[in-house]
Amino acid sequence: METRKQRLLRRHRRNKRLVMVVALPVLVALDWFAGWNSLPVLLLLAWIAHEAWFADHLFYSPRADYRYRFPEGVIVLPGVLESGRLVLADDALPADADTLFLEVRVRGSWVGRWLDPHVLVDDGQCLDRQDFERSLEGLRYLNLSGLAPAVREGRLGLRGRFCRLAPEVRLYAFRNPDYAARRLMVIAPHADDAELAAFGLYSRAREASIVTLTQGEIEARSYCRMGLDRAAAARLKGRLRSWSSLAVPLWGGVPASRCVQLGYYCLQLASMAAEPERAFGSLESGETDIRTVRRFNPLALPGDLNGVPSWNNLVGDLAALLRRFRPEVVVLPHPELDPHPDHIQASRALDEAIGRSGWRPEVRLLYANHLYDNDRWPMGPAGGGIALPPRLEALPADGLWSPVLEDSVRLDKVQALAMQHDLQTPLPLKKRLRRIIQWVLAGRRWPDVGQDDFFRKAVRRHELFWVRPESDREPRAD
């Protein structure tokens, strides 16, 4: 079944082909009638321009407003920007407000059509940078979490580069407990999802468990260079990523006794959910027994009895883990924001496991490692803050929690990502050329610590979670 993300990509590629069909005859005509004899040069320049400014997968208009609605109880404070400083109309920002987002209308300048517009946030001690789309014009949400003292004292500076900020703003303030002090369970559809979204959170948690749903064995072509066929390469990749899912959390202080690899197969969870009793083996490795990567798990699970990769076994495994670890907070992908099919099904599996286990967590913290609409979000270089992602249709009215990561934690997070085998695959030549072109012409920068784009996107000043209390969910009809 084709997903929404796949439909958007297909439409994007179709539109590019149509542009090429129209543009090529025009270039040939110019070359023929003008006598330039320069068609190869024109084609090369057109390709360079495409790679520099039009290669982003941006499936919405950057001139559209982001649309968010927030739950009752959120504190809303109007304010203005005066001489580059944030001044609130009401100075009653509560002392326990831990997560702050500033709604501001941003308009890109002419230069902002070619260089990434961004806002510099300065509290007098550190300078944060939050980037947006080129040619933007609309409402955006800056992340001011961790800057409450500067906001209260009226010394927080905001300055747009390659963009202008409207003077009227609105501050949304959220109150949250420190969820790291609760019993956490991080549900990771793939081996690196827990580290990408929540390393900072789980590395300081009082008690954390990490459950990885799949082996992550597909797209193993790079392993074929070792002389392996496609199936053998997929099996090796599945073993390596399964090992990473159990070993890397130890770097964040989570012992092996609290890490579990379930061993189901990538991109099969949606099919499994549609036919709960049927077995769905790997699409690439040829394996059909989930027990091949379970031998290092710290406890026996219901699925160990027959090793069948079925939805019923997945739900049974999760139910057993809920009873074992009794998490107060469950961290998992946002089912409306994150488009990966396995990520979407994680919420459905948890729903059914809660109904089967009898254990109901207090709250869900939801994360997005991918987006339907923008492959670059969080935009901008590594180390910057995480603004809210593009959203043109309002999401469920969830709260927000965005804890700040200290420099030492970000350094540890970099190393945790560097230990992930899947994030060490060399970039193909086309992507390397694109980065060089964008570095020269668009001013973009990538970190030196790793080639994969997640080293830029995931190692940030903040981590970001949508807060959905379990009591707000509709009761299950079991």
- prompt: Among side-chain atoms of Q130 and D128, is any donor-acceptor pair under 3.5 angstrom?
  reply: yes
message: Pairing donors with acceptors under 3.5 angstrom, does anything connect the side chains of Y60 and E133?
response: yes
query: Relative to the ring of Y172, is the ring of Y141 parallel (under 30°), tilted (30 to 60°) or perpendicular (over 60°)?
result: tilted
- request: Scan side-chain atoms only and decide if N374 and H57 contain a donor-acceptor pair under the 3.5 Å cut-off.
  value: no
task: Taking Q215 for its side chain and G263 for its backbone only, find out whether a donor-acceptor pair lies under 3.5 Å.
output: yes
field: Check: F174 ring centroid to F70 ring centroid under 6.0 Å
entry: yes
- prompt: Looking at CG of D407 and CZ of R410, how far apart are the two atoms once the value is rounded to the nearest 0.5 Å?
  reply: 4.5 Å
message: Counting only heavy atoms not in R230 (residues, nucleotides, ligands), do more than 12 fall under 6.0 Å from its CZ?
response: no
message: So that I can tick it off, tell me whether D116 and R444 are bridged by a salt bridge, with the cut-off set at under 4.0 angstrom between side-chain N and carboxylate O.
response: yes
Neighbour count above 12 (heavy atom, 6.0 Å) for E406 CD: no
query: Does the pair R391/E336 count as a salt bridge with the N-to-O cut at 4.0 Å?
result: no
- prompt: Among side-chain atoms of E51 and Q438, is any donor-acceptor pair under 3.5 angstrom?
  reply: no
- prompt: In terms of heavy-atom contacts, does CG of D229 have more than 12 from other residues, nucleotides or ligands at under 6.0 Å?
  reply: yes
query: Does a side-chain N-to-carboxylate-O contact under 4.0 Å join D351 and R348?
result: no
- prompt: Got a sec: does the CH2 of W47 have more than 12 other heavy atoms crowding it under 6.0 Å?
  reply: yes
message: Does any part of the side chain of D412, heavy atoms only, come nearer than 4.5 Å to the side chain of W251, both counted from C-beta?
response: yes
message: Whether the side chain of R258 engages the backbone of A208 through a donor-acceptor N/O pair (distance < 3.5 Å, no angle test) should be reported.
response: yes
- prompt: Which residues pass the salt bridge (Lys or Arg N to Asp or Glu O under 4.0 Å) test with D65, sequence neighbours left out?
  reply: R105
- request: Could you tell me how the ring of W243 sits relative to the ring of H421: parallel (under 30°), tilted (30 to 60°) or perpendicular (over 60°)?
  value: perpendicular
Residues R175 and D98 bridged, charged N to O under 4.0 Å: no
message: Is it the case that atom CZ in R63 sees more than 12 heavy atoms from other parts of the structure closer than 6.0 Å?
response: yes
task: Answer yes or no: is there an ion pair linking R134 with D56, defined by an N-O contact shorter than 4.0 Å?
output: yes
- prompt: Excluding sequence neighbours, so at least two apart, what forms side-chain contact (heavy atoms from CB on, under 4.5 Å) with A320?
  reply: L301, P302, R323
field: Side-chain heavy atoms of T288 within contact of F280, under 4.5 Å
entry: no
- request: Please indicate whether R376 has more than 12 foreign heavy atoms, meaning atoms of other residues, nucleotides or ligands, lying under 6.0 Å from its CZ.
  value: yes
query: Would Q261 and S245 count as having a side-chain donor-acceptor pair, cut-off 3.5 Å?
result: yes
task: Carefully, step by step, assess Y68 and E103 under the rule side-chain hydrogen bond (donor to acceptor under 3.5 Å, both in side chains).
output: CA-CA 10 Å; Y68 281 93; E103 181 186 87; over 6 Å; no
query: Do S310 and N312 have a side chain donor and acceptor closer than 3.5 Å?
result: no
message: Under 3.5 Å, is there a donor on one side chain and an acceptor on the other for E284 and Y265?
response: no
query: Salt bridge or not for E362 and R182, using N-O below 4.0 Å?
result: yes
task: Please check if any side-chain donor atom of D317 sits under 3.5 Å from a side-chain acceptor atom of Y264, or the reverse.
output: yes
- prompt: When the aromatic ring centroids of H343 and H190 are compared, is their separation below 6.0 Å?
  reply: yes
message: Looking only at side-chain N and O atoms, does S285 offer a donor or acceptor that is under 3.5 Å from a partner on E217?
response: no
- prompt: Can you find a heavy atom in the side chain of L337 that is under 4.5 Å from one in the side chain of P389?
  reply: yes
Identified side-chain hydrogen bond (donor to acceptor under 3.5 Å, both in side chains) counterpart of W311 within the set Q268, E277, Q345, E352: E352
message: Could you check whether atom CZ of R170 has more than 12 heavy atoms from other residues, nucleotides or ligands sitting under 6.0 Å from it?
response: no
- request: Could you tell me whether the side chain of R241 and the main chain of D422 form a donor-acceptor pair under 3.5 Å?
  value: no
